[in-house]
Amino acid sequence: MSTQPLIDLKQVHKTYNLGLPNEAEVLHGIDLQVNTGEFIALMGPSGSGKSTLLNIVGLLERMTVGHYQLQGEEMVGLDDAGLTMRRRRLLGFVFQFHHLLPAFTALENVTLPALMAEGRVSDAQRDHAKELLDSVGLSAALNKRPSELSGGMQQRVAIARALVMNPPLVLADEPTGNLDTASSDDVFVLLRRMHAERGTSFVVVTHDPRLGARCDRLVELVDGKISSDEPVTRADASKV
Amino acid sequence: MGWLGFERQVAVRFLREGRMQTLLIIVGVAAGVAVIAYISALIAGLQANTLKKTLGAQPHISIQAPDDVVTPAALRAQGTTVLSEVQVRAQRLRTVANWQALIPVLERLPGVAAVSPMVSGSGLALRGEASQAISLQGVDLERFDRIVGLRSKVVSGTARLAPGEAIVGRELAADLGLRVGDRLRVQTTGSSEVVQVTALVDLGVKELNRRTVIVPLRSAQNLLGLPGGATNVDLTVRDVWAAQAIGEQLRRELPYQFETWQESNAQLVSALNAQSISTSLIRAVVLVVVVLGIASVLVVSVVQKQREIGILRAMGATRGQVLRVFLVQGAVVGALGSVLGVGLAWVMVALFTHFVRGADGLPLFNISLPPSLALQVAAVATVCGVLAAIAPARRAAAMDPAQAIRI
């Protein structure tokens with residue numbers, strides 16, 4: 001059996017405004033491996049570089065120096081079209097502010113990646129999207145616009161959308177950051193359930209130690225460096 | 001469904017989302033398209049009418065014998081300079097040499113619709129104590145009718161030119177107190193003849209109506225002392241604007257004098273050209289305004305939709321797809337505006353035809369919006385919509401997804 005990690009980051013540095021007077025390095029040599037099927041929390045104080053790291057993993061930003069292999073393929077050196085195709089095929093995103101398209105219904109938001117990939121949505125893809133929305137508890141809201149849904153519901157739609165193309169990896173940036181405690185718990189439980197049911201890997205950026213403690217592995221970032229990277233024990237989980 | 005399916009759906013939703021903005025710009029495009037279509041139709045109608053009125057009473061190309069020139073008294077010897085003052089010869093009435101043989105040659109030319117010989121000169125029309133200076137025209141009625149459509153210009157009587165008959169201009173008839181069936185004497189320097197009026201005509205220009213007396217070719221030949229001759233051979237061509245080219249061609253090939261309608265109406269031609277240039281300028285300015293309007297709305301839309309563009313890019317939309325989403329928006333706005341604008345122009349044309357009338361209660365001239373013109377304007381506006389969208393679309397496509405999402 002192959003032991004190749006899903007994500008393999010080596011000595012990743014990220015510097016903004018390179019060569020300018022306000023040059024700032026925010027990631028200082030990150031080494032991180034994520035295996036298929038893991039559920040990882042990425043934590044750390046504001047400005048520690050969590051979001052930048054997530055953007056690099058999500059192929060939304062390029063690193064300044066370092067190496068990144070995704071499913072064994074080197075991502076450094078790919079052009080914009082290459083990165084876009086890999087985002088489309090391998091990654092799902094869930095953002096803090098839901099980021100649904102307000103002009104589309106819940107179902108249309110979920111079928112958007114299929115429409116984007118093929119120019120049309122097949123019946124099978126539409127059924128799959130409906131099943132996903134059903135499994136996140138939104139079967140009654142298929143034809144509602146985001147503005148008609150609560151924050152928690154919108155985030156469920158976003159989760160369904162992230163999973164619709166069956167990517168091996170979902171990246172979530174503060175997915176509960178904008179929700180009240182009850183909705184936040186619901187959404188987190190849903191993420192864990194999807195992980196359990198589908199075997200998708202998750203990297204979740206969060207501020208919330210309670211959520212961090214409910215992941216399989218906790219990576220802490222401080223000042224652009226990984227300060228700790230440990231599996232979460234049952235004892236940790238029960239403490240919070 | 002598959003072709004541009006994603007781009008079309010997203011573009012239409014984006015437009016529907018910014019309802020007010022979209023509606024305003026579509027109305028703006030429609031107004032521009034309506035102005036362009038209406039002005040084009042109006043000027044085309046006006047020019048066609050002017051040409052019809054002007055060319056209705058004259059040939060497109062007129063052929064005459066070359067001018068008489070003064071023959072030098074002696075050949076100039078080499079190495080000498082001759083100083084001379086030459087008085088230009090008075091041009092007598094001359095016949096176009098060999099005109100009978102020339103007519104079939106001209107008729108065979110491509111683009112020539114009709115050929116008619118004419119004998120014309122000056123004379124006097126006398127009736128009782130009244131006399132008027134006239135332009136005497138001897139024609140073959142059938143041929144002449146094909147040049148100026150004489151029969152359609154008859155206001156009284158029936159156009160007929162048997163020997164001893166004449167067709168007279170309306171004003172001349174009024175000046176001499178003539179009615180159909182009356183007789184008048186036509187007098188020239190060498191001869192005179194009494195003719196009977198068969199019809200009164202309105203040639204569209206008062207001065208022509210006051211001077212024209214049309215008689216059979218043979219009568220005019222006798223009256224003007226040109227037996228068997230023709231002072232001009234007149235041509236009508238199928239495309240009036242081709243007259244100049246045909247005239248040039250004839251000038252190169254045949255030893256006669258040619259005058260095209262453009263040369264005899266140089267002022268009119270330059271007025272028509274000035275009108276066409278002004279129309280083109282107005283159309284261009286309106287198009288620029290339309291393009292700027294669409295572009296400015298889309299620029300605002302790109303800024304408003306920054307986050308959505310970011311999320312689409314994160315989900316795997318290519319730069320090309322984002323670019324096309326905005327190009328399609330430009331095309332949709334252009335196309336919808338065009339449809340509305342052409343409809344509006346059609347209404348304006350109908351209003352013009354219905355309400356703008358001359359003193360006689362008839363429409364001033366025919367103006368219509370042919371489907372080809374409507375289609376052309378609509379196509380240009382749609383293409384302009386796409387062109388207007390290029391800059392905003394490129395801006396959207398170049399957006400950094402991570403930065404766009406953060407906003």
Side-chain angles (χ1 to χ4, degrees), chain A residues 14 16 51-62 79-105 108-122 145-147 158 161-165 167 170-171 173-174, chain B residues 1-23 298 300-329 332 393-407:
Chain A
K14 176 69 184 177
Y16 286 112
S51 291
T52 301
L53 182 58
L54 197 76
N55 283 341
I56 287 173
V57 172
L59 307 175
L60 294 171
E61 262 181 82
R62 290 171 190 272
D79 62 3
D80 185 80
L83 295 176
T84 303
M85 285 306 133
R86 279 150 191 85
R87 278 203 299 274
R88 185 184 283 186
R89 210 157 35 84
L90 304 174
L91 302 172
F93 290 90
V94 179
F95 298 98
Q96 180 176 3
F97 297 105
H98 328 312
H99 287 327
L100 299 176
L101 268 70
F104 290 78
T105 65
E108 286 168 341
N109 263 287
V110 176
T111 52
L112 210 48
L115 180 67
M116 186 184 288
E118 286 157 41
R120 63 186 293 272
V121 182
S122 67
R145 294 281 171 94
S147 57
R161 186 181 62 189
L163 291 167
V164 74
M165 300 299 274
V170 169
L171 305 171
D173 193 0
E174 305 270 10
Chain B
M1 171 72 198
W3 187 73
L4 291 185
F6 166 74
E7 290 88 339
R8 272 189 300 147
Q9 282 207 24
V10 176
V12 169
R13 293 300 173 91
F14 276 7
L15 286 173
R16 279 195 351 210
E17 210 182 344
R19 207 167 301 158
M20 197 48 156
Q21 215 165 296
T22 307
L23 194 70
L298 288 180
V300 172
S301 168
V302 168
V303 175
Q304 288 170 334
K305 298 275 184 291
Q306 217 153 325
R307 223 191 231 193
E308 276 115 310
I309 293 164
I311 193 80
L312 287 172
R313 292 277 288 126
M315 281 159 55
T318 60
R319 282 188 199 280
Q321 282 178 315
V322 172
L323 184 92
R324 289 191 293 274
V325 163
F326 283 88
L327 293 184
V328 170
Q329 287 188 64
V332 168
R394 286 171 64 118
R395 197 171 151 183
M399 224 173 251
D400 174 32
Q403 217 167 8
I405 290 166
R406 234 174 269 145
I407 289 161

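It should be emphasised that the depicted structure is a prediction, and the values quoted were computed from it without experimental measurement. Residue numbering restarts at 1 for every chain, and letters A, B, ... go by the order of the sequence lines.
Scanning both residues, Leu312(B) and Leu101(A), for their nearest heavy atoms gives CD2-CD2, 4.0 Å. When all heavy atoms are compared, the tightest approach of Leu60(A) to Pro401(B) is CD2-CB, 3.9 Å. Minimum interatomic distance between Met315(B) and Met116(A) (heavy atoms only, all atoms of both residues): O-SD, 3.7 Å. In plain terms, the two heavy atoms of Phe95(A) and Ala314(B) that are nearest each other are CZ-CB, 4.2 Å.
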Subject >> Residues Arg319(B), Asp79(A); criterion salt bridge (charged side-chain N to carboxylate O under 4.0 Å, His left out); working and verdict >> reply: CA-CA 12 Å; Arg319(B) 282 188 199 280; Asp79(A) 62 3; over 6 Å; no
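How far CZ of Arg13(B) is from OG1 of Thr105(A): 7.0 Å, rounded to the nearest 0.5 Å. Interatomic distance, Glu17(B) CD to Phe104(A) CZ, rounded to the nearest 0.5 Å: 8.5 Å. Separating the CD atom in Gln9(B) from the CG atom in Leu112(A) is a distance of 8.5 Å, to the nearest 0.5 Å.
Not counting sequence neighbours, Phe14(B) has no partner by the ring pair (Phe, Tyr, Trp, His ring centres under 6.0 Å) test.
When heavy atoms are compared at a cutoff of 4.5 Å, Met85(A) approaches chain B solely by way of its side chain, counted from C-beta outward.
No more than 12 heavy-atom neighbours from other residues, nucleotides or ligands sit within 6.0 angstrom of CZ on Arg394(B). The neighbour count for Arg395(B) CZ, taken as heavy atoms of other residues, nucleotides or ligands under 6.0 Å away, does not exceed 12.
Between the side chain of Arg16(B) and the backbone N or O of Ala103(A) there is no donor-acceptor pair closer than 3.5 Å.
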Taking distance alone, no hydrogens or angles, what donor-acceptor pairs closer than 3.5 Å link side-chain atoms of residues 51-59 of chain A to residues at least two apart or in another chain?
{"unit_1": "Ser51(A)", "atom_1": "OG", "unit_2": "Asp173(A)", "atom_2": "OD2", "d": "3.4"}
{"unit_1": "Thr52(A)", "atom_1": "OG1", "unit_2": "Tyr16(A)", "atom_2": "OH", "d": "3.4"}
{"unit_1": "Asn55(A)", "atom_1": "ND2", "unit_2": "Glu61(A)", "atom_2": "OE2", "d": "2.9"}

